[in-house]
Number of protein chains: 2
Amino acid sequence: MSTTNELASRQVESHGHRLTEPRRAVLDAIVVAGGAFTVEELCAAVPAVGRATVFRTVKLLQESGVICRLSLDDGSVRYQLSHGGHHHHLICNACGAVDEFRDSDLDALIDRNARDHGFDVSSHSIELYGRCRDCAATALPGETASVVRV
Amino acid sequence: MSTTNELASRQVESHGHRLTEPRRAVLDAIVVAGGAFTVEELCAAVPAVGRATVFRTVKLLQESGVICRLSLDDGSVRYQLSHGGHHHHLICNACGAVDEFRDSDLDALIDRNARDHGFDVSSHSIELYGRCRDCAATALPGETASVVRV
DNA sequence: TTATGTGCAAAGATTTTGCACAAGT
DNA sequence: ACTTGTGCAAAATCTTTGCACATAA
(Lines give C-alpha, C1' and ligand atoms only; values in the text may rest on other atoms or scores of the structure.)
Protein backbone atom coordinates (compact mmCIF):
# COMPACT_ATOMS: atom_id res chain seq x y z
CA MET A 1 0.00 0.00 0.00
CA SER A 2 2.66 2.50 0.94
CA THR A 3 4.35 1.83 -2.38
CA THR A 4 1.24 2.50 -4.38
CA ASN A 5 0.64 5.56 -2.34
CA GLU A 6 4.11 6.96 -2.83
CA LEU A 7 3.91 6.42 -6.55
CA ALA A 8 0.60 8.19 -6.70
CA SER A 9 1.87 10.99 -4.49
CA ARG A 10 4.82 11.59 -6.75
CA GLN A 11 2.51 11.57 -9.73
CA VAL A 12 0.34 14.23 -8.13
CA GLU A 13 3.32 16.42 -7.31
CA SER A 14 4.80 16.00 -10.75
CA HIS A 15 1.62 17.49 -12.13
CA GLY A 16 2.26 20.64 -10.14
CA HIS A 17 -0.15 19.91 -7.33
CA ARG A 18 0.51 20.09 -3.62
CA LEU A 19 0.39 16.97 -1.57
CA THR A 20 -2.00 18.04 1.16
CA GLU A 21 -3.43 16.23 4.11
CA PRO A 22 -6.92 15.82 2.58
CA ARG A 23 -5.45 14.53 -0.65
CA ARG A 24 -3.37 11.97 1.22
CA ALA A 25 -6.47 10.87 3.08
CA VAL A 26 -8.42 10.42 -0.14
CA LEU A 27 -5.53 8.56 -1.70
CA ASP A 28 -5.35 6.24 1.29
CA ALA A 29 -9.06 5.57 1.10
CA ILE A 30 -8.72 4.72 -2.56
CA VAL A 31 -5.92 2.26 -1.89
CA VAL A 32 -7.85 0.74 1.00
CA ALA A 33 -10.95 0.39 -1.19
CA GLY A 34 -8.90 -2.03 -3.25
CA GLY A 35 -11.18 -1.89 -6.26
CA ALA A 36 -13.73 0.23 -8.04
CA PHE A 37 -15.38 2.92 -5.96
CA THR A 38 -17.81 5.80 -6.26
CA VAL A 39 -17.22 9.32 -5.07
CA GLU A 40 -20.00 8.71 -2.61
CA GLU A 41 -18.14 5.79 -1.09
CA LEU A 42 -15.00 7.85 -0.81
CA CYS A 43 -16.87 10.57 1.00
CA ALA A 44 -18.16 8.02 3.47
CA ALA A 45 -14.68 6.57 3.94
CA VAL A 46 -13.14 9.96 4.60
CA PRO A 47 -15.77 11.94 6.48
CA ALA A 48 -13.18 14.43 7.67
CA VAL A 49 -12.66 15.62 4.12
CA GLY A 50 -15.26 17.86 2.56
CA ARG A 51 -17.42 16.55 -0.21
CA ALA A 52 -16.23 19.19 -2.65
CA THR A 53 -12.62 18.35 -1.94
CA VAL A 54 -13.24 14.69 -2.60
CA PHE A 55 -14.72 15.56 -5.98
CA ARG A 56 -11.85 17.94 -6.72
CA THR A 57 -9.30 15.33 -5.70
CA VAL A 58 -10.90 12.63 -7.80
CA LYS A 59 -10.80 14.90 -10.82
CA LEU A 60 -7.20 15.77 -10.09
CA LEU A 61 -6.17 12.15 -9.70
CA GLN A 62 -7.92 11.32 -12.90
CA GLU A 63 -6.04 14.02 -14.78
CA SER A 64 -2.80 12.85 -13.22
CA GLY A 65 -3.49 9.35 -14.45
CA VAL A 66 -3.56 7.90 -10.95
CA ILE A 67 -7.12 6.66 -11.25
CA CYS A 68 -9.34 5.99 -14.22
CA ARG A 69 -13.03 6.46 -14.77
CA LEU A 70 -15.17 3.41 -15.42
CA SER A 71 -18.42 3.56 -17.34
CA LEU A 72 -20.51 0.69 -16.09
CA ASP A 73 -22.99 -1.27 -18.12
CA ASP A 74 -25.93 0.51 -16.54
CA GLY A 75 -24.44 3.92 -17.15
CA SER A 76 -23.24 4.52 -13.63
CA VAL A 77 -19.74 5.81 -13.02
CA ARG A 78 -17.01 4.42 -10.83
CA TYR A 79 -13.32 4.99 -10.49
CA GLN A 80 -10.38 2.75 -9.85
CA LEU A 81 -6.67 2.94 -9.19
CA SER A 82 -4.92 2.71 -12.52
CA HIS A 83 -2.38 -0.08 -12.51
CA GLY A 84 -0.21 1.37 -15.21
CA GLY A 85 -0.38 3.01 -18.60
CA HIS A 86 -2.75 2.29 -21.43
CA HIS A 87 -5.15 -0.54 -20.69
CA HIS A 88 -8.73 -1.73 -20.95
CA HIS A 89 -11.25 -3.04 -18.47
CA LEU A 90 -12.99 -6.30 -17.68
CA ILE A 91 -15.94 -5.32 -15.52
CA CYS A 92 -17.85 -7.99 -13.62
CA ASN A 93 -21.55 -7.28 -13.52
CA ALA A 94 -22.00 -9.77 -10.70
CA CYS A 95 -19.48 -8.74 -8.06
CA GLY A 96 -18.25 -5.42 -9.42
CA ALA A 97 -14.64 -6.51 -9.69
CA VAL A 98 -12.66 -4.73 -12.36
CA ASP A 99 -9.66 -6.26 -14.02
CA GLU A 100 -7.32 -4.68 -16.54
CA PHE A 101 -5.75 -6.03 -19.67
CA ARG A 102 -3.66 -4.72 -22.52
CA ASP A 103 -3.23 -6.01 -26.02
CA SER A 104 -1.17 -4.21 -28.60
CA ASP A 105 -2.75 -6.21 -31.42
CA LEU A 106 -6.10 -4.93 -30.31
CA ASP A 107 -4.80 -1.37 -30.24
CA ALA A 108 -3.31 -1.81 -33.69
CA LEU A 109 -6.63 -3.07 -35.01
CA ILE A 110 -8.35 -0.06 -33.48
CA ASP A 111 -5.93 2.24 -35.24
CA ARG A 112 -6.50 0.50 -38.53
CA ASN A 113 -10.26 0.92 -38.24
CA ALA A 114 -9.77 4.58 -37.48
CA ARG A 115 -7.49 5.02 -40.48
CA ASP A 116 -10.01 3.26 -42.71
CA HIS A 117 -12.53 5.90 -41.71
CA GLY A 118 -10.18 8.84 -42.17
CA PHE A 119 -10.47 9.32 -38.44
CA ASP A 120 -7.61 10.84 -36.46
CA VAL A 121 -7.71 8.90 -33.17
CA SER A 122 -6.26 10.50 -30.10
CA SER A 123 -7.50 7.95 -27.60
CA HIS A 124 -9.85 5.05 -27.24
CA SER A 125 -11.57 3.12 -24.52
CA ILE A 126 -12.64 -0.48 -24.42
CA GLU A 127 -14.75 -2.03 -21.70
CA LEU A 128 -15.87 -5.64 -21.49
CA TYR A 129 -18.87 -6.50 -19.34
CA GLY A 130 -19.72 -9.94 -18.05
CA ARG A 131 -18.64 -12.20 -15.24
CA CYS A 132 -15.20 -12.49 -13.78
CA ARG A 133 -13.50 -15.84 -13.37
CA ASP A 134 -14.81 -16.34 -9.83
CA CYS A 135 -18.38 -15.39 -10.59
CA ALA A 136 -18.37 -17.44 -13.78
CA ALA A 137 -17.29 -20.45 -11.71
CA THR A 138 -20.32 -19.94 -9.52
CA ALA A 139 -22.55 -20.28 -12.57
CA LEU A 140 -24.91 -23.21 -12.93
CA PRO A 141 -23.47 -26.26 -14.76
CA GLY A 142 -25.66 -25.85 -17.83
CA GLU A 143 -24.87 -22.20 -18.23
CA THR A 144 -22.21 -22.25 -20.89
CA ALA A 145 -20.32 -19.07 -21.47
CA SER A 146 -22.28 -17.57 -24.30
CA VAL A 147 -21.46 -14.39 -26.11
CA VAL A 148 -24.40 -12.10 -26.55
CA ARG A 149 -23.59 -8.91 -28.41
CA VAL A 150 -25.29 -5.65 -27.57
CA MET B 1 -36.82 10.04 -42.40
CA SER B 2 -40.15 8.31 -42.53
CA THR B 3 -38.35 5.06 -43.17
CA THR B 4 -36.13 5.39 -40.14
CA ASN B 5 -39.12 6.37 -38.14
CA GLU B 6 -41.22 3.43 -39.20
CA LEU B 7 -38.43 1.03 -38.42
CA ALA B 8 -38.00 2.51 -35.00
CA SER B 9 -41.73 2.51 -34.42
CA ARG B 10 -41.97 -1.14 -35.24
CA GLN B 11 -39.05 -1.83 -32.96
CA VAL B 12 -40.81 -0.05 -30.12
CA GLU B 13 -44.02 -1.97 -30.68
CA SER B 14 -42.21 -5.27 -30.97
CA HIS B 15 -40.87 -4.67 -27.49
CA GLY B 16 -44.41 -4.54 -26.21
CA HIS B 17 -44.69 -0.78 -25.96
CA ARG B 18 -47.44 1.41 -27.27
CA LEU B 19 -46.71 3.87 -29.98
CA THR B 20 -48.07 7.02 -28.45
CA GLU B 21 -48.17 10.59 -29.67
CA PRO B 22 -45.42 11.80 -27.28
CA ARG B 23 -43.19 8.89 -28.28
CA ARG B 24 -43.67 9.66 -31.96
CA ALA B 25 -42.79 13.27 -31.28
CA VAL B 26 -39.60 12.32 -29.47
CA LEU B 27 -38.70 9.88 -32.22
CA ASP B 28 -39.20 12.59 -34.84
CA ALA B 29 -37.02 14.98 -32.90
CA ILE B 30 -34.29 12.35 -32.70
CA VAL B 31 -34.39 11.77 -36.43
CA VAL B 32 -34.40 15.50 -37.11
CA ALA B 33 -31.44 15.99 -34.77
CA GLY B 34 -29.49 13.86 -37.25
CA GLY B 35 -26.67 13.09 -34.85
CA ALA B 36 -25.76 12.82 -31.22
CA PHE B 37 -28.07 14.58 -28.82
CA THR B 38 -28.64 15.10 -25.12
CA VAL B 39 -31.91 14.61 -23.29
CA GLU B 40 -31.84 18.32 -22.64
CA GLU B 41 -31.77 19.05 -26.35
CA LEU B 42 -34.63 16.68 -26.96
CA CYS B 43 -36.70 18.42 -24.32
CA ALA B 44 -36.07 21.73 -26.00
CA ALA B 45 -36.98 20.29 -29.39
CA VAL B 46 -40.26 18.84 -28.12
CA PRO B 47 -41.53 21.29 -25.52
CA ALA B 48 -45.02 19.81 -25.72
CA VAL B 49 -43.75 16.58 -24.21
CA GLY B 50 -43.02 16.49 -20.52
CA ARG B 51 -39.47 16.20 -19.33
CA ALA B 52 -40.14 12.94 -17.50
CA THR B 53 -41.66 11.42 -20.60
CA VAL B 54 -38.63 12.36 -22.65
CA PHE B 55 -36.40 10.62 -20.13
CA ARG B 56 -38.69 7.61 -20.05
CA THR B 57 -38.80 7.47 -23.84
CA VAL B 58 -35.05 7.73 -24.18
CA LYS B 59 -34.62 4.84 -21.78
CA LEU B 60 -37.23 2.84 -23.64
CA LEU B 61 -35.62 3.49 -27.01
CA GLN B 62 -32.30 2.52 -25.59
CA GLU B 63 -33.65 -0.78 -24.33
CA SER B 64 -35.33 -1.37 -27.67
CA GLY B 65 -32.01 -0.84 -29.40
CA VAL B 66 -33.27 2.14 -31.37
CA ILE B 67 -30.73 4.51 -29.92
CA CYS B 68 -27.45 3.97 -28.13
CA ARG B 69 -25.76 5.74 -25.30
CA LEU B 70 -22.48 7.48 -25.94
CA SER B 71 -19.90 8.13 -23.23
CA LEU B 72 -17.94 11.14 -24.34
CA ASP B 73 -14.31 11.78 -23.63
CA ASP B 74 -15.14 14.29 -20.92
CA GLY B 75 -17.57 11.95 -19.23
CA SER B 76 -20.72 13.57 -20.54
CA VAL B 77 -23.48 11.43 -21.99
CA ARG B 78 -25.19 11.69 -25.35
CA TYR B 79 -27.42 9.44 -27.38
CA GLN B 80 -27.69 8.67 -31.04
CA LEU B 81 -29.86 6.75 -33.44
CA SER B 82 -28.40 3.31 -33.79
CA HIS B 83 -27.74 2.45 -37.42
CA GLY B 84 -27.94 -1.28 -36.97
CA GLY B 85 -26.77 -4.06 -34.73
CA HIS B 86 -23.49 -4.43 -32.91
CA HIS B 87 -21.09 -1.61 -33.65
CA HIS B 88 -18.58 0.81 -32.16
CA HIS B 89 -18.18 4.55 -32.21
CA LEU B 90 -15.85 7.11 -33.71
CA ILE B 91 -16.50 10.27 -31.74
CA CYS B 92 -15.16 13.59 -33.00
CA ASN B 93 -14.02 15.81 -30.16
CA ALA B 94 -14.02 18.81 -32.47
CA CYS B 95 -17.46 18.85 -34.07
CA GLY B 96 -19.25 16.19 -32.06
CA ALA B 97 -20.02 14.01 -35.06
CA VAL B 98 -20.35 10.32 -34.27
CA ASP B 99 -19.67 7.63 -36.81
CA GLU B 100 -20.12 3.90 -36.43
CA PHE B 101 -17.98 1.01 -37.52
CA ARG B 102 -17.96 -2.74 -37.07
CA ASP B 103 -15.12 -5.20 -37.30
CA SER B 104 -15.55 -8.87 -36.55
CA ASP B 105 -11.80 -9.34 -36.21
CA LEU B 106 -11.84 -6.76 -33.48
CA ASP B 107 -14.70 -8.50 -31.75
CA ALA B 108 -12.91 -11.82 -32.01
CA LEU B 109 -9.81 -10.33 -30.48
CA ILE B 110 -11.91 -8.95 -27.65
CA ASP B 111 -13.35 -12.39 -27.01
CA ARG B 112 -9.90 -13.92 -27.00
CA ASN B 113 -8.69 -11.45 -24.40
CA ALA B 114 -11.70 -12.21 -22.27
CA ARG B 115 -11.10 -15.94 -22.53
CA ASP B 116 -7.45 -15.46 -21.61
CA HIS B 117 -8.64 -13.86 -18.40
CA GLY B 118 -11.26 -16.49 -17.64
CA PHE B 119 -13.79 -13.75 -18.14
CA ASP B 120 -17.28 -14.55 -19.39
CA VAL B 121 -18.09 -11.59 -21.66
CA SER B 122 -21.68 -10.72 -22.28
CA SER B 123 -21.10 -7.41 -24.04
CA HIS B 124 -18.42 -4.89 -24.77
CA SER B 125 -18.15 -1.31 -25.84
CA ILE B 126 -15.45 0.44 -27.80
CA GLU B 127 -15.24 4.15 -28.36
CA LEU B 128 -12.59 6.00 -30.32
CA TYR B 129 -12.04 9.68 -29.66
CA GLY B 130 -10.31 12.09 -31.98
CA ARG B 131 -11.11 14.08 -35.07
CA CYS B 132 -13.38 13.03 -37.87
CA ARG B 133 -12.25 13.17 -41.49
CA ASP B 134 -13.58 16.68 -42.01
CA CYS B 135 -12.12 18.13 -38.85
CA ALA B 136 -8.82 16.37 -39.43
CA ALA B 137 -8.69 18.00 -42.88
CA THR B 138 -9.01 21.37 -41.22
CA ALA B 139 -5.88 20.64 -39.18
CA LEU B 140 -2.76 22.71 -39.71
CA PRO B 141 -0.30 21.29 -42.28
CA GLY B 142 2.37 20.38 -39.73
CA GLU B 143 -0.09 18.58 -37.48
CA THR B 144 0.45 15.00 -38.43
CA ALA B 145 -2.05 12.52 -37.15
CA SER B 146 -0.33 11.28 -34.05
CA VAL B 147 -1.62 8.59 -31.78
CA VAL B 148 -1.49 9.51 -28.13
CA ARG B 149 -2.71 6.80 -25.85
CA VAL B 150 -4.55 7.57 -22.66
C1' DT C 1 -62.59 -1.43 -21.26
C1' DT C 2 -58.41 -1.61 -19.16
C1' DA C 3 -53.59 -1.92 -19.05
C1' DT C 4 -50.22 1.58 -20.32
C1' DG C 5 -48.59 5.94 -20.73
C1' DT C 6 -48.38 11.10 -19.54
C1' DG C 7 -47.79 15.57 -17.25
C1' DC C 8 -46.62 18.01 -13.47
C1' DA C 9 -44.30 19.19 -9.64
C1' DA C 10 -41.66 17.51 -6.01
C1' DA C 11 -37.96 14.65 -4.46
C1' DG C 12 -33.41 12.58 -5.23
C1' DA C 13 -28.96 12.19 -6.81
C1' DT C 14 -24.83 14.06 -8.43
C1' DT C 15 -21.52 17.61 -9.22
C1' DT C 16 -20.01 22.46 -9.16
C1' DT C 17 -19.25 27.09 -7.22
C1' DG C 18 -18.42 31.27 -4.21
C1' DC C 19 -16.02 32.75 -0.65
C1' DA C 20 -13.64 33.29 3.77
C1' DC C 21 -10.18 30.74 6.00
C1' DA C 22 -6.17 27.31 6.29
C1' DA C 23 -2.02 25.27 4.98
C1' DG C 24 1.92 23.76 1.96
C1' DT C 25 6.40 25.14 0.10
C1' DA D 1 4.74 35.56 2.31
C1' DC D 2 1.89 34.13 -1.00
C1' DT D 3 0.06 30.84 -3.87
C1' DT D 4 -2.72 26.86 -3.69
C1' DG D 5 -6.06 24.17 -1.40
C1' DT D 6 -10.19 23.45 1.84
C1' DG D 7 -14.72 23.46 4.04
C1' DC D 8 -19.24 24.71 4.00
C1' DA D 9 -23.44 25.58 2.26
C1' DA D 10 -25.88 27.04 -1.60
C1' DA D 11 -26.69 26.44 -6.44
C1' DA D 12 -26.79 24.08 -10.64
C1' DT D 13 -27.46 19.74 -13.05
C1' DC D 14 -29.41 15.67 -14.14
C1' DT D 15 -32.77 12.01 -13.38
C1' DT D 16 -36.49 9.63 -11.03
C1' DT D 17 -40.97 9.23 -8.68
C1' DG D 18 -45.89 9.68 -7.02
C1' DC D 19 -50.18 10.29 -8.45
C1' DA D 20 -54.41 11.82 -10.81
C1' DC D 21 -55.73 11.96 -15.50
C1' DA D 22 -55.49 10.56 -20.50
C1' DT D 23 -55.27 7.28 -24.23
C1' DA D 24 -53.85 3.43 -27.40
C1' DA D 25 -55.25 -1.11 -28.61
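Lettering follows sequence order; numbering is per chain, from 1. What you are looking at is a predicted structure, and each value in this text was computed from that prediction instead of being measured.
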Per-nucleotide protein contact string for nucleotides 13-25 of chain D (B base, S sugar-phosphate only, - none; heavy atom under 4.0 Å)
--BBBB----BBS

Which residues share a salt bridge (charged side-chain N to carboxylate O under 4.0 Å, His left out) with R56(A), sequence neighbours left out:
none

With sequence neighbours excluded, tell me which residues meet salt bridge (charged side-chain N to carboxylate O under 4.0 Å, His left out) with E63(B).
none

Sequence-distant partners of H88(B), ring pair (Phe, Tyr, Trp, His ring centres under 6.0 Å), two or more places apart:
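Listed in chain order: H86(B), F101(B), H124(B).
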
Over how many whole Å does the gap from [X] atom [atom1] to [N] atom [atom2] extend?
| X | N | atom1 | atom2 | answer |
| --- | --- | --- | --- | --- |
| L60(B) | dT4(C) | CG | P | 13 Å |
| L27(A) | dG5(D) | CG | P | 15 Å |
| L42(A) | dT14(C) | CG | P | 13 Å |
| D74(B) | dT16(C) | CG | C1' | 15 Å |

Students often get this wrong, so: under 4.0 angstrom with heavy atoms, is A48(A) touching a base, only sugar-phosphate, or nothing?
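Since only primed, P, OP1 and OP2 atoms lie under 4.0 Å of A48(A), the category is sugar-phosphate.
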
Taking only residues two or more places apart in sequence, or in another chain, which ones meet R51(B) in a side chain to side chain donor-acceptor pair (under 3.5 Å)?
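By the side chain to side chain donor-acceptor pair (under 3.5 Å) rule, R51(B) matches E40(B).
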
Rounded at 0.5 Å granularity, tell me how far CG in D111(B) sits from CG in L106(B).
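CG of L106(B) is found 10.0 Å from CG of D111(B).
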
Look up atom CG in L70(A) and atom CD in Q80(A), then write down how far apart they are to the nearest 0.5 Å.
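Reported to 0.5 Å precision, the distance equals 5.5 Å.
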
Under-4.0 Å side-chain N/O to phosphate OP1/OP2 contact, R23(A) with dT6(D)
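For R23(A), the contact criterion (side-chain N or O under 4.0 Å from OP1 or OP2 of dT6(D)) is met.
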
Quick one: bend of the helix from dT1(C)-dA25(D) to dT25(C)-dA1(D) from 5 pairs per end, to 10°?
40°

Find out if a path of hydrophobic residues (ILVMFWY) with successive side-chain heavy-atom gaps under 4.5 Å connects Y129(B) to V77(A).
no

Salt bridge or not between D116(B) and R112(B)? Use side-chain N to carboxylate O under 4.0 Å.
yes

